[in-house]
Amino acid sequence: NAGVTQTPKFRVLKTGQSMTLLCAQDMNHEYMYWYRQDPGMGLRLIHYSVGEGTTAKGEVPDGYNVSRLKKQNFLLGLESAAPSQTSVYFCASSYSEFSGVTGELFFGEGSRLTVL
Amino acid sequence: AQSVAQPEDQVNVAEGNPLTVKCTYSVSGNPYLFWYVQYPNRGLQFLLKYITGDNLVKGSYGFEAEFNKSQTSFHLKKPSALVSDSALYFCAVRDIRNSGAGSYQLTFGKGTKLSVIP
């Protein structure tokens with residue numbers, strides 16, 4: 001049981017390049033999330049999904065796009081990377097509120113992205 | 001709106017001494033409260049949560065937290081610190097009145113770095 005797996009773990013991009021971060025979970029969770037973590041700012045929600053085929057904006061969505069074509073996968077895309085997107089990105093998943101479980105988030109180990 | 005504050009960027013404690021990491025919150029209704037821990041180069045791990053009931057919540061690795069509604073606080077505690085407890089600790093809150101899409105959105109504090117000195 002792998003939990004939440006993120007790929008790649010490290011990536012260096014040049015300004016203007018594009019890339020996709022992949023998140024996969026094997027816990028059959030309904031909800032999935034992408035956060036970014038910056039020093040002194042904690043975690044900020046970028047986008048989230050409450051089910052296959054649905055996505056929504058979080059606190060800091062600009063410059064990012066997401067897709068959830070399969071329940072177990074949640075992709076985060078950067079179409080034109082900027083230095084301000086240098087960060088550590090975390091994917092997380094959770095049960096839905098309707099499961100009766102008021103539960104916690106399960107996090108991946110992070111993807112460190114540097115944009116030059 | 002919901003918010004959480006961790007007033008200390010860093011807490012230093014000697015091994016074997018009790019530790020406290022502070023957290024205060026603000027929600028319109030009643031809160032769900034969480035503590036997470038992050039070890040270096042790792043993702044966040046769930047420690048404990050308060051949903052309802054007993055104000056003293058026990059969690060993983062000997063940690064506990066006390067919910068104080070009048071002071072809107074949810075401080076993390078451990079009776080005897082270990083060097084291996086050194087990590088970054090995050091408090092998070094959610095208003096229980098939030099429902100529907102995105103209702104599981106948590107608001108995280110900025111984190112407190114705990115250093116346990118041998």
Side-chain angles (χ1 to χ4, degrees), chain A residues 2-6 9-10 21 23 25 27 29-51 53-61 66 68 88-112, chain B residues 1-10 21 23 25 29-53 57 59-60 63 65 87-113:
Chain A
V4 179
T5 303
Q6 294 181 228
K9 288 184 169 44
F10 302 93
L21 298 177
C23 177
Q25 54 96 2
M27 296 172 282
H29 286 163
E30 288 293 331
Y31 292 1
M32 296 187 73
Y33 315 77
W34 276 107
Y35 288 88
R36 60 178 288 171
Q37 183 180 28
D38 301 291
M41 302 194 73
L43 273 74
R44 293 182 291 170
L45 183 65
I46 305 171
H47 286 279
Y48 63 94
S49 168
V50 298
T54 71
T55 63
K57 294 180 180 180
E59 180 185 356
V60 288
V66 289
R68 184 123 180 247
V88 181
Y89 293 86
F90 287 98
C91 178
S93 67
S94 72
Y95 294 106
S96 79
E97 60 177 330
F98 305 108
S99 70
V101 177
T102 305
E104 64 271 22
L105 302 182
F106 294 79
F107 283 85
E109 298 210 336
S111 298
R112 185 176 296 274
Chain B
Q2 56 193 36
S3 66
V4 62
Q6 294 181 242
E8 301 156 318
D9 291 336
Q10 178 147 358
V21 183
C23 171
Y25 66 89
N30 290 320
Y32 290 151
L33 292 156
F34 301 79
W35 275 102
Y36 288 82
V37 60
Q38 184 182 28
Y39 297 102
N41 300 314
R42 303 295 297 274
L44 278 71
Q45 297 176 30
F46 169 77
L47 271 181
L48 50 79
K49 65 183 178 184
Y50 171 82
I51 303 299
T52 187
V57 177
S60 307
F63 283 94
L88 191 57
Y89 290 81
F90 291 94
C91 182
V93 68
R94 189 202 126 194
D95 190 327
I96 66 170
R97 299 187 310 171
N98 292 342
S99 63
S103 63
Y104 263 54
Q105 292 187 62
L106 298 182
T107 297
F108 285 86
K110 295 184 178 181
T112 299
K113 183 179 180 181

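Each chain gets a letter, A, B and so on, in the order the sequences are listed, and its residues count up from 1.
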Report which part of A/Arg112 has an atom under 4.5 Å of a heavy atom belonging to chain B: side chain, backbone, both, or neither.
side chain
Establish, from distance only, whether the side-chain atoms of B/Tyr32 and B/Thr52 form a donor-acceptor pair under 3.5 Å.
no
Residues which pass side-chain hydrogen bond (donor to acceptor under 3.5 Å, both in side chains) with B/Arg42, listed by chain and number, not counting sequence neighbours
A/Glu109
Using non-hydrogen atoms and a 4.5 Å limit, figure out which bit of B/Asn41 sits close to chain A: side chain, backbone, both or neither.
both
Does any heavy atom of chain A fall under 4.5 Å from the side chain of B/Gln6, the backbone, both, or neither of them?
neither
Can you say whether A/Leu45 sits under 4.5 Å from chain B via the side chain, the backbone, both, or neither, judging by heavy atoms?
side chain
So which part of A/Gln6 gets closer than 4.5 Å to some heavy atom of chain B, the side chain, the backbone, both or neither?
neither
Could I get the full list of side chain to side chain contact (heavy atoms under 4.5 Å, CB included) partners for A/Thr54, not counting sequence neighbours?
A/Ser49, A/Val50
Look at the rings of A/Phe107 and A/Tyr35 and say which category their plane angle falls in: under 30° parallel, 30 to 60° tilted, over 60° perpendicular.
tilted
Determine, stepwise, if the pair A/Arg36 / A/Val88 fulfils side chain to side chain contact (heavy atoms under 4.5 Å, CB included).
CA-CA 6 Å; A/Arg36 60 178 288 171; A/Val88 181; over 6 Å; no
